[in-house]
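Worksheet: one structure, shown below.
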Amino acid sequence: MARRPRPEPVQVVKQRRDAALKALVDGVPYIRFLGITFERHGDELTALLAYDDKLIGNPMLPALHGGAIAAFLEVAAIIELSWSYLWEDIESGRIDPTTIDPQHLPRLPKTIDFTVDYLRSGLPRDAYARARVNRSGRRYASVHVEAWQDNRSRLFAQATGHFLMPARTEPTP
Amino acid sequence: MDDKSFKIASQFIEALPHSRALGMRLTALEPGAAEIAMPYDVSLIGDPETGVIHGGAVSALMDTCGGAAVMSHPEASHGTATIDLRIDYMRAATPGQTVTARAECYHVTRTVAFVRAWAMDDDRDNPVAAATGAFTVERA
């Protein structure tokens with residue numbers, strides 16, 4: 001009976017996945033400007049928008065700016081989509097995350113259109129978002145994203161976007 | 001629109017912390033229409049390889065400009081909030097160039113303002129993005 005190869009040590013797996021995610025996120029100045037970070041559990045990502053005064057739109061309420069919310073959702077959607085198609089390459093070892101740096105980022109998907117629903121005003125505190133790739137074809141993808149603050153089931157915004165997938169380079173033999 | 005209303009609207013937009021963080025300034029205002037410019041800045045870059053700004057920054061500009069167009073409408077000047085906003089990205093904005101949005105209320109009811117907007121860089125005949133949105137109308 002053929003024996004299953006021994007699973008890799010947990011630190012090796014985590015280190016590889018975290019390095020890939022870091023490469024995807026850290027190289028983008030606008031993600032840093034907004035203060036968005038990602039938490040990873042297995043392949044599931046949660047985007048976190050840490051509260052900052054510069055995210056406020058209406059200082060009288062105060063409420064988060066609709067534009068900051070839209071940008072947060074779009075960043076969450078693009079990273080989720082990139083992550084989902086990179087995952088396989090990372091897991092199989094086709095991409096070595098240690099070779100990814102801002103000059104050698106994987107090509108990111110391009111937004112075709114993005115529609116945001118504002119459900120309630122964004123409170124001046126941290127916000128979270130999770131995206132789901134509903135369809136990912138060779139050329140086009142459709143992604144839905146939901147955002148909440150205190151209560152996961154009380155969304156304050158949601159969005160759907162369509163994306164043009166980057167041309168896939170065949171792995172060199 | 002007269003100089004006084006333009007000045008009030010300018011100050012209003014520049015007092016919004018997020019709009020200020022993105023360097024936005026009002027460049028034109030008419031009843032129910034507004035134009036806002038957002039200068040290029042390296043912190044807005046979404047693609048480090050090309051220096052093209054992130055779509056999210058264009059969304060923020062469109063949203064601010066849509067809201068300004070609603071508040072400049074004589075029937076809706078008491079405030080507004082975005083109900084929904086759809087953006088079509090037609091091409092990448094040229095790195096280094098200011099992006100200017102123009103928004104117009106094309107229909108206003110007692111409760112809702114319907115807005116269309118465009119974003120342009122130096123090549124004004126070739127918009128970077130287009131948007132349509134619904135905004136709330138708050139009356140006195």
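Everything quoted here is computed from the prediction, not taken from an experiment. Below, read A as the first sequence line, B as the second, and so on, with proteins coming before strands; counting in each chain starts at 1.
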Mark yes when over 12 heavy atoms from residues, nucleotides or ligands other than B:Tyr106 sit less than 6.0 Å from its OH; otherwise mark no.
-> yes
Does one hydrophobic cluster hold both A:Val28 and A:Met165, with members joined at side-chain heavy-atom distances below 4.5 Å?
-> yes
Distance (rounded to the nearest 0.5 Å) between A:Thr160 OG1 and B:Arg86 CZ | 10.5 Å
Which atom names give the shortest non-hydrogen contact between A:Pro29 and B:Val42, and what distance separates them?
-> CB-O, 3.4 Å
In one Ile/Leu/Val/Met/Phe/Trp/Tyr side-chain cluster, 4.5 Å: B:Val108, B:Phe135 | no
Donor-acceptor pair, side chain of B:His54 and main chain of A:Tyr30, under 3.5 angstrom = no
Minimal non-hydrogen separation, B:Asp84 against A:Asp117, with atom names | CB-OD1, 3.8 Å
Please state whether the side chain, the backbone, both or neither of A:Ile78 comes within less than 4.5 Å of a heavy atom of chain B.
-> side chain
Work out which heavy atom in A:Pro59 is nearest to a heavy atom in B:Pro17; give both atom names and the distance.
-> CG-CD, 4.1 Å
B:Ala92 versus chain A, heavy atoms under 4.5 Å apart: side chain, backbone, both or neither?
-> neither
So which of A:Asn58, A:Thr111, A:Leu55, A:Val116 has the largest heavy-atom pair count under 4.5 angstrom toward chain B?
-> A:Val116
If you round to the nearest 0.5 Å, how far is CG of B:Leu85 from OG1 of A:Thr115?
-> 8.5 Å
Would A:Leu123 and A:Tyr51 show up in the same hydrophobic cluster when neighbours are defined by side-chain heavy atoms closer than 4.5 Å?
-> no
Same apolar cluster: B:Tyr40 and B:Met62, side chain cutoff 4.5 Å | yes
Measure the OH-CD1 distance between B:Tyr89 and A:Ile112 for me, rounded to the nearest 0.5 Å.
-> 12.0 Å
Which heavy-atom pair separates B:Thr82 from A:Tyr118 by the least distance, and what is that distance?
-> O-CB, 3.2 Å
Over all atoms of both residues, closest heavy-atom pair of B:Asp63 and A:Gly67 | OD2-N, 3.2 Å
Please check if B:Val137 and B:Met71 belong to a single hydrophobic cluster, counting links between Ile, Leu, Val, Met, Phe, Trp and Tyr side chain heavy atoms closer than 4.5 Å.
-> no
Interface moiety of B:Ala57 toward chain A, non-hydrogen atoms closer than 4.5 Å = both
Crowded around A:Arg139 CZ? As in, over 12 foreign heavy atoms under 6.0 Å?
-> no
Identify the two heavy atoms, one from B:Ala60 and one from A:His65, that lie closest to each other, and give their separation to 0.1 Å.
-> O-CE1, 3.9 Å
Output for pair (A:Leu34 CG, B:Leu44 CG), nearest 0.5 Å, gives 9.0 Å
Please confirm whether the backbone N or O of B:Asp88 pairs with a side-chain atom of A:Asp113, one donor and one acceptor, at under 3.5 Å?
-> no
Kindly indicate, with the supporting measurements, whether the criterion side-chain contact (heavy atoms from CB on, under 4.5 Å) is fulfilled by B:Leu22 and A:Phe33.
-> CA-CA 10 Å; B:Leu22 294 172; A:Phe33 170 77; 3.5 Å; yes
Neighbour count >12 (heavy atoms, 6.0 Å) for atom NZ, A:Lys54 | yes
Could you walk me through whether B:Ile87 and A:Glu74 pass the side-chain contact (heavy atoms from CB on, under 4.5 Å) check?
-> CA-CA 11 Å; B:Ile87 312 219; A:Glu74 196 176 327; over 6 Å; no
Can you tell me if CZ on B:Arg25 sees more than 12 non-hydrogen neighbours from other groups inside 6.0 Å?
-> no
Between chain B and each of A:Ala70, A:Ala63, A:Gly66, count heavy-atom pairs under 4.5 Å; write down the option with the most.
-> A:Gly66
